[in-house]
Amino acid sequence: MSAPARSPRPSRPRSRRPRWGLRLATGAACLVLAVSGIGHLLVRELDSGIHRVDAFGGLDNRPKNTGGGVNFLVVGTDGRERITPREKALYRLGGAPCRCTDTIMLMHLSGDHRRVSTVSLPRDSYARIPAYTDATGKRHPSHPRKLNAAYAEGGPSLTVRTVEHLTGVHVDHYLEVDFTSFMKTVDVLGGVKICTARPLKDDHTGLDLPAGTHVLNGGQALQYVRSRHVDGTSDLGRIQRQQRFMAAVVHQTTAGRILLNPVRFNRVAGALLGSVRADHGFSAEDLVALGRAMSGVTPASSEFASVPVVLPGVPVKGAGSTLRWNRAKAERLFTTLRADRPLVTHRPKRARAIPVDVDPARIRVHVLNGTNTTGLARRADRALHATGFAATGSPADAATPDVRHTVIAYDPIWDRSARSLAAAVPGARLKPVAGQGAVMQITIGADYKGVRPVRVEAPKTDTAGFGAVTGDEVVCPEGGATRSL
């Protein structure tokens, strides 16, 4: 049995200047927020503000959509022309935009209109850019590059062609957004609630988020979804945070009935339209149909996955380090998407769990009964074990039976584990004890109210093998203190 995790030593961020493409949440919001049953005239008014791009011109030998449903390719660019000087300084948004894309994802609306599946395609994925002719008439042969190079070389149509070639998924519609509308949309929503089990700090973006639950405004949300120097997971960790953010957006818009309120919908959609670009075929009628189709989508029926990759990255001449996909798992993922089947295998419903920093299975706990209630320590021991903690299975009585407050005694070097245990026992107080060792000691007091479910913050992979989760598994649990930064 492994010992609890030590607190990590601070690490110096890499000197590389952060590159930003509007993340998962923005493209998701663009779809999610266009889904109310509002009047046809209002939809036409909103539709008139969308800039059009030719995303499908000249494409041939395209995969067929044989499984049903509708597939959207959503990409994010770093447009920042209308960001104010104050916002640029406050949220570290200086520098000239590169008109490149760092965010690429496929969103699939199921044929029965009951499920939305989102698959993130890491920007550094190894790809062969298909042969193409550029705007000057020059012919370029197929060549290896990172996936996000397709947009820089040939814009939307080459991006669509490259993604279809890689995944075998037919793209029905193309949406392109930048982070100008992202900030405005989050603010119009009234902020978005996210929770984190550990402090998040990124000197490149300016993100400095304590552990806990927070309501982020547009600029703070932008820092959250673009940060990639928080830990050693780089872009893959950032994708997971983007998925949590998108799930929070889905939860907020559905729980707040924004999609069914024409006035609120109009305000939110209007904040997006100034910087959204879509294919010519995505019409007002499509917006209405999409609204009707998605009116019942909830976090529980929203799925999120990222293409499985093989680490470490593989260098490619002229492209740098690239991420190779796990071909077997990736093919299973896209086969599932093409067949219009759920990405997440059926799992029994459980109470929403509190996110914690350390996997409970790595935390050893010895329980003492500090009350006169017979058998309370054994019940607590069993409850902790059922929640996933490595309870010793040998509870005992405390020195006195009149303990008022539940106390967790822990060695300071295991403080992350202690905080994770405290999250499972509401009201428990932490008591650092030098030399305590790797086993936490929890003394049950009169205020003990039981054990609540927890989960390690990084979602576990599902049985299908490509890490898909549903939105209700990653949004913040109900209750608990929330702060606005």
Side-chain angles (χ1 to χ4, degrees), residues 1-10 195-200 209-214 350-458 460 476-483:
M1 184 179 300
S2 59
R6 294 176 182 265
S7 298
R9 295 180 178 178
C195 52
T196 177
R198 68 177 67 181
L200 300 178
L209 200 62
T213 301
H214 313 274
R350 297 177 295 180
R352 191 178 296 173
I354 305 294
V356 294
D357 190 6
V358 180
D359 189 341
R362 300 173 60 191
I363 303 175
R364 301 171 61 189
V365 188
H366 181 224
V367 183
L368 299 178
N369 187 358
T371 75
N372 285 312
T373 303
T374 303
L376 185 58
R378 182 160 297 280
R379 291 198 296 273
D381 180 274
R382 290 173 177 171
L384 287 166
H385 179 76
T387 306
F389 290 93
T392 63
S394 56
D397 290 329
T400 61
D402 56 354
V403 176
R404 295 181 59 187
H405 301 289
T406 300
V407 175
I408 297 173
Y410 70 99
D411 194 308
I413 66 173
W414 309 122
D415 60 329
R416 290 173 52 212
S417 294
R419 290 195 301 270
S420 297
L421 174 59
V425 186
R429 298 182 177 182
L430 289 173
K431 179 183 177 182
V433 178
Q436 172 75 30
V439 180
M440 313 283 151
Q441 180 172 282
I442 179 169
T443 303
I444 303 299
D447 63 346
Y448 173 73
K449 296 181 176 63
V451 176
R452 58 185 175 184
V454 296
R455 59 172 170 81
V456 66
E457 187 165 44
K460 295 181 179 179
C476 295
E478 299 295 338
T482 302
R483 72 179 83 177

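Numbers here simply count residues along the sequence, with the first being 1.
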Donor-acceptor list for residues 384-394 side chains, cut-off 3.5 Å, not counting sequence neighbours:
residue	atom	partner	partner atom	Å
Thr387	OG1	Ala383	O	2.8
Thr392	OG1	Ser394	N	3.3
Thr392	OG1	Ser394	OG	3.2

For this session: Would you please name every residue forming a side chain to side chain contact (heavy atoms under 4.5 Å, CB included) with Arg378, sequence neighbours left out?
Result: Arg382, Pro395
Exercise. Under the 3.5 angstrom rule, does the side chain of Arg419 hit a backbone N or O of Val356 as a donor-acceptor pair?
Worked result: no
For this session: Flag the pair Pro426 / Arg452 as yes when at least one side-chain heavy-atom distance between them is below 4.5 Å, and no otherwise.
Result: yes
For this session: Looking only at non-hydrogen atoms, find the nearest pair between Ile408 and Ala428 and report the distance.
Result: CD1-CB, 3.9 Å
For this session: Of all the heavy-atom pairs spanning Asp411 and Gly435, show the shortest one and how long it is.
Result: OD2-N, 3.2 Å
Output side-chain donor-acceptor pairs under 3.5 Å for residues 441-449, partner residues at least two apart or in another chain, one line each.
residue	atom	partner	partner atom	Å
Asp447	OD1	Thr406	N	2.9
Asp447	OD1	Thr406	OG1	3.0
Asp447	OD2	His405	ND1	3.4
Lys449	NZ	Asp447	O	3.4

Problem set entry | Partners meeting side chain to side chain contact (heavy atoms under 4.5 Å, CB included) with Pro432 (sequence neighbours left out) | Tyr410, Pro412
Exercise. Hey, mind stepping through Arg364 and Met440 against side chain to side chain contact (heavy atoms under 4.5 Å, CB included) and telling me if it holds?
Worked result: CA-CA 6 Å; Arg364 301 171 61 189; Met440 313 283 151; over 6 Å; no
Problem set entry | Heavy-atom pair of closest approach, residues Ala380 and Val451 | O-CG2, 4.5 Å
Exercise. About how many Å separate OG of Ser420 and CG of Asp415, when rounded to the nearest 0.5 Å?
Worked result: 9.5 Å
For this session: Any chance you could measure Asp359, atom CG, to Arg455, atom CZ, to the nearest 0.5 Å?
Result: 12.5 Å
For this session: Would you name the heavy atoms of Gln436 and Val439 that are closest together and state the gap between them?
Result: NE2-O, 3.2 Å
Exercise. For Leu421 and Val365, what are the C-alpha separation, side-chain angles and deciding distance, and is it a side chain to side chain contact (heavy atoms under 4.5 Å, CB included)?
Worked result: CA-CA 9 Å; Leu421 174 59; Val365 188; 4.1 Å; yes
Residues 368-377 side chain polar contacts: donor-acceptor under 3.5 Å, at least two apart:
residue	atom	partner	partner atom	Å
Asn369	OD1	Thr371	N	2.9
Asn369	OD1	Thr371	OG1	2.8
Asn369	ND2	Thr373	O	2.8
Thr371	OG1	Thr373	N	3.1

Problem set entry | Polar side-chain atom of Asp357 near backbone of Ala197 as donor-acceptor pair, under 3.5 Å | no
